[in-house]
Amino acid sequence: SQKIEQNSEALNIQEGKTATLTCNYTNYSPAYLQWYRQDPGRGPVFLLLIRENEKEKRKERLKVTFDTTLKQSLFHITASQPADSATYLCALDNAGNMLTFGGGTRLMVKP
Amino acid sequence: EAGVVQSPRYKIIEKKQPVAFWCNPISGHNTLYWYLQNLGQGPELLIRYENEEAVDDSQLPKDRFSAERLKGVDSTLKIQPAELGDSAVYLCASSLGGSSYNEQFFGPGTRLTVL
């Protein structure tokens, strides 16, 4: 089965800086990779989807990259704001038409 | 448009008691998921429905957990009897289709505490 690794330690950055979160996987490359945001006490909210044949995807201040050679996706938030503070989850399709979620990385943006 | 609705939001029960969670997905979403999320971890799939059919329940502990989705809309997840280790957040999600290409819309979850 697919193993997904996200940094379990919180990432603390200063407002205005770029936050970079990492999602590594160990087995086969998924056809799709999704990123979600989760705030305390709430369910995850979809942010972006990137396909295996796409190197990069952007949405406003968000950018996702997908490197099937490194088996890694990077999630960037540029010009970060305190409101971006949340836990970010990556999710990969597991060849069974299902999503497997990583453990998430908590981002803290300090004003 | 209303999102995924779950109830109750919180539930505290004694071990060995039964408990049930209810989910109303977004209108028109054929696919419904139940996930379990432990503190500090990502959601883990318990069961997936395509309309009223359970198409993936391999991770559902069938000795104590059961689920149903009558008429292919609302769904109920039940635990009987509950154990201490069942304390977690139970999330319901829905999507337009069952492909991993489809984004999933999550409800707020039910936080279960088993004493």
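Both backbone and side-chain heavy atoms feed into the values below; hydrogens, waters and symmetry mates do not. Lettering of chains follows the sequences in order, A, B, ..., and the numbering in each one begins at 1.
- If you take CD on A:Gln38 and CD on B:Gln37, they are separated by 4.0 Å, rounding to the nearest 0.5 Å.
- Around atom CG of B:Leu115, more than 12 heavy atoms belonging to other residues, nucleotides or ligands sit under 6.0 Å away.
- Contact annotation for A:Arg106: neither backbone nor side-chain heavy atoms come within less than 4.5 Å of a heavy atom of chain B.
- A:Pro44 is listed as a side-chain neighbour of B:Leu91, based on a closest heavy-atom distance under 4.5 Å.
- Residues B:Leu36 and B:Val89 fall into different hydrophobic clusters, defined by Ile, Leu, Val, Met, Phe, Trp and Tyr side chains chained together at heavy-atom separations under 4.5 Å.
- Atom OH of A:Tyr36 is separated from atom CZ of B:Phe106 by 5.5 Å, given to the nearest 0.5 angstrom.
- Only the side chain of B:Arg9 comes within contact range of chain A, with heavy atoms under 4.5 Å apart.
- Summarising the geometry, atom CG belonging to A:Leu89 is positioned 11.5 Å from atom CD belonging to B:Gln41; distances are rounded to the nearest 0.5 Å.
- Summarising the geometry, atom CG belonging to A:Leu99 is positioned 9.5 Å from atom CG belonging to B:Asn102; distances are rounded to the nearest 0.5 Å.
- Taking a 6.0 Å sphere around CD of A:Gln14, one finds it holds more than 12 heavy atoms contributed by other residues, nucleotides or ligands.
- The shortest non-hydrogen separation linking B:Tyr101 to A:Arg51 is OH-NH2, 2.8 Å.
- For B:Phe105, no part lies under 4.5 angstrom from a heavy atom of chain A.
- In terms of heavy atoms, A:Phe46 sits closest to B:Gln104 at CB-O, 4.3 Å.
- Heavy atoms from other residues, nucleotides or ligands lying under 6.0 Å from CZ of A:Arg42 number 12 at most.
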